[in-house]
Amino acid sequence: MEAPADHPDSHIRRFIAARRAEDPRYSVTALAKACGCARQLIYRVLAGDPEVGKNAFGRIAAATGIPEQDLYGDWLAAKRLATEHKTAAPESA
């Protein structure tokens with residue numbers, strides 16, 4: 001079974017979509033460069049990875065203007081979806 005996609009209406013995804021309206025080549029990689037972090041960190045935030053540090057939200061907030069509380073809420077929602085997906089997956093033999 002596939003891993004769940006990150007929340008399609010997250011603040012980060014909306015920010016990237018808005019930037020793509022101005023620059024069609026804008027991507028997660030460009031956002032990561034603006035934040036001064038690896039793109040894997042952005043993907044981990046989007047996926048709700050439990051290993052994300054609090055400073056990640058601060059870095060993204062500083063680069064995007066998205067409030068940290070909103071980023072944290074999106075991360076919690078993605079984390080919840082990932083947890084539900086893992087518990088709903090059947091055991092392999």
Side-chain angles (χ1 to χ4, degrees):
M1 190 177 254
E2 294 180 19
D6 51 80
H7 194 274
D9 196 33
S10 71
H11 287 84
I12 293 173
R13 289 288 180 200
R14 284 187 279 176
F15 177 83
I16 291 171
R19 290 293 304 265
R20 278 194 180 140
E22 301 167 15
D23 177 8
R25 295 178 55 112
Y26 195 82
S27 63
V28 170
T29 302
L31 174 59
K33 285 181 184 179
C35 294
C37 65
R39 69 183 178 147
Q40 288 81 5
L41 177 64
I42 305 297
Y43 284 117
R44 288 194 334 239
V45 170
L46 289 169
D49 188 322
E51 299 297 319
V52 173
K54 184 173 173 23
N55 68 346
F57 303 116
R59 290 179 126 187
I60 297 168
T64 63
I66 301 168
E68 284 186 58
Q69 305 90 298
D70 292 343
L71 294 167
Y72 183 72
D74 289 346
W75 174 80
L76 279 177
K79 182 179 173 185
R80 192 173 317 117
L81 283 173
T83 302
E84 290 172 3
H85 177 75
K86 284 181 184 177
T87 58
E91 299 266 334
S92 340

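Sequential numbering from 1 along the given sequence is applied to the chain's residues. Atom set for the values below is all heavy atoms of this structure, side chains included, hydrogens, waters and symmetry mates excluded.
- For residues 60-72, the pairs satisfying salt bridge (Lys or Arg N to Asp or Glu O under 4.0 Å) are Lys54-Glu68, with sequence neighbours left out.
- Judged as a ring-ring contact (aromatic ring centres under 6.0 Å, His included), the pairs with a partner in residues 64-83 (not counting sequence neighbours) are, in order, Phe57-Tyr72, Phe57-Trp75, Tyr72-Trp75.
- The backbone N or O of His11 sits less than 3.5 Å from a side-chain atom of Asp74, completing a donor-acceptor pair.
- The structure places CG of Leu81 at 12.5 Å from NZ of Lys79, a figure rounded to the nearest 0.5 Å.
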Pairs of donor and acceptor atoms involving the side chains of residues 33-40, under 3.5 Å and at least two apart or interchain, shall be tabulated with distances.
none

Would you list the atom pairs, donor with acceptor, under 3.5 Å between side chains in residues 16-26 and any protein atom, with sequence neighbours excluded?
{"from": "Arg20", "atom 1": "NE", "to": "Tyr26", "atom 2": "O", "distance (Å)": "2.7"}
{"from": "Arg20", "atom 1": "NH2", "to": "Tyr26", "atom 2": "O", "distance (Å)": "3.4"}
{"from": "Asp23", "atom 1": "OD1", "to": "Arg25", "atom 2": "N", "distance (Å)": "3.2"}

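- Atom CG of Leu46 sits about 4.5 Å away from atom CD1 of Ile12, to the nearest 0.5 Å.
- Taking CD1 of Ile42 as the reference point, atom CZ of Arg59 lies at 9.0 Å (rounded to 0.5 Å).
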